Amino acid sequence: MILKSYSQKMQTLILKDYEEMSQVAANEIIKTIRQKPNATLCFASGDTPKRTCQILAERILNENIDISNCQFIGLDEWIGIPPENEGSCTYFLMNYLFKTLNLSPNQYHLFNADETKSVEECKKMDDFINKSGGLDCILVGIGLNGHIGFNEPNIPFTNYCHVAELDELTVSVGQKYFNTATLLTKGITVGLQHLMEAKKAILIANGAKKATIMKAVYESEINNQIPATIMRTHPNGLILMDEAAADLVVIR
Ligand code: PGA
């Protein structure tokens with residue numbers, strides 16, 4: 001799938017380092033909450049959004065930002081990995097954001113990793129997002145293969161929530177989140193169509209290891225072999241990179 005034309009509206013900001021990138025990302029999410037106190041917000045887990053989540057939680061608490069009417073969604077989960085496993089996306093979001101904010105369980109929505117429940121889990125999440133009128137803000141990272149969440153290479157851009165077979169690279173890189181070698185085969189994820197329908201989509205990338213894929217995001221055709229290229233078509237997309245991740249990117 002290749003889109004030939006794309007919106008010029010997506011913005012790019014290059015920040016000095018991981019800390020600055022995370023501050024700007026947290027600030028963008030806070031802007032959304034201030035504009036819409038009942039915002040529906042979707043969060044990736046992983047090394048990249050860790051500091052954004054911490055800063056966001058600190059600022060919400062320190063600045064007394066009212067989030068009592070906000071809803072929080074987890075972007076994805078490893079199929080078969082229970083929430084108490086420290087490598088699960090649920091564990092990450094609970095620990096870096098939801099517990100700190102003292103959210104009540106009816107304010108957060110996380111995928112159940114049980115494969116037998118995946119069809120109903122996707123439907124439940126799709127229904128919830130649709131009922132909310134779409135996502136107000138989605139924060140995502142990028143995999144070394146260009147994935148967003150578990151929207152792996154070759155996934156249709158038009159997918160809503162779905163289960164994906166994981167790419168070999170995702171499986172090998174994913175081991176870093178786990179204490180012991182872990183069998184990872186599939187993931188359940190919010191789809192790129194939800195990202196495209198989100199009122200604001202923020203992609204964050206830091207570190208030299210992301211430089212090659214970020215160059216591809218800007219320079220390749222918009223192509224679902226590199227799912228993150230779809231960001232270039234988002235009418236209110238924002239890519240935040242630190243200098244190391246942006247090192248090979250030439251913005252035209
Ligand atoms: P990372 O993962 O934030 O741990 O680099 C990104 C991703 O694979 O989406």
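Bear in mind the structure is a predicted one, so any value in this text is a computation, not a measurement. Just so you know, ligand 1 is whichever comes first in the structure, and atom 1 is the first atom listed for that ligand. FYI, side chains are in, hydrogens and waters are out, and symmetry mates aren't considered; it's all heavy atoms of this structure.
- Not a single N or O atom of Ser45, backbone or side chain, sits closer than 3.5 Å to an N or O atom of ligand 1.
- Ranking the protein heavy atoms by distance from atom 6 (C) of ligand 1 puts Ile142 O, 3.4 Å first.
- Checking Lys131, Gln107, His109 one by one against Gln71, the side-chain hydrogen bond (donor to acceptor under 3.5 Å, both in side chains) holds for a single residue, His109.
- Close approach of ligand 1 to Gly143 (heavy-atom distance below 4.0 Å) involves ligand atoms 7 (C), 8 (O), 9 (O).
- Side-chain polar atoms of His162 and Thr189 form no donor-acceptor pair below 3.5 angstrom.
- Here the heavy atom of the protein found nearest to atom 7 (C) of ligand 1 is His147 NE2, 3.3 Å.
- Taking only nitrogen or oxygen atoms, main chain and side chain alike, Lys209 does not reach within less than 3.5 Å of ligand 1.
- Atom 2 (O) of ligand 1 has Tyr177 OH, 3.0 Å as its closest protein atom, hydrogens excluded (heavy atom only).
- Atoms of ligand 1 lying under 4.0 Å from any heavy atom of Lys176, numbered from 1 in the order shown and given with element: 1 (P), 4 (O), 5 (O).
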Listing, residues 202-217 side-chain donor-acceptor contacts under 3.5 Å, not counting sequence neighbours, or none:
unit_1 : atom_1 : unit_2 : atom_2 : d
Lys210 : NZ     : Ile142 : O      : 3.0
Lys215 : NZ     : Glu219 : OE1    : 3.1

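- Counted by atom type alone, Tyr18 and Thr48 present zero donor-acceptor pairs between their side chains at under 3.5 Å.
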Could you go step by step and tell me if Asn159 and His194 meet the side chain to side chain donor-acceptor pair (under 3.5 Å) rule? CA-CA 8 Å; Asn159 268 29; His194 284 307; over 6 Å; no

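- At the top of the distance list for atom 5 (O) of ligand 1, counting protein heavy atoms only, stands Lys210 NZ, 2.7 Å.
- A donor-acceptor pair under 3.5 Å is formed between the side chain of Asp136 and the backbone N or O of Thr40.
- For atom 3 (O) of ligand 1, the closest non-hydrogen atom of the protein is Thr48 OG1, 2.5 Å.
- Using a 3.5 Å distance cut-off with no hydrogens or angles, the side chains of Glu197 and Gln193 do pair a donor with an acceptor.
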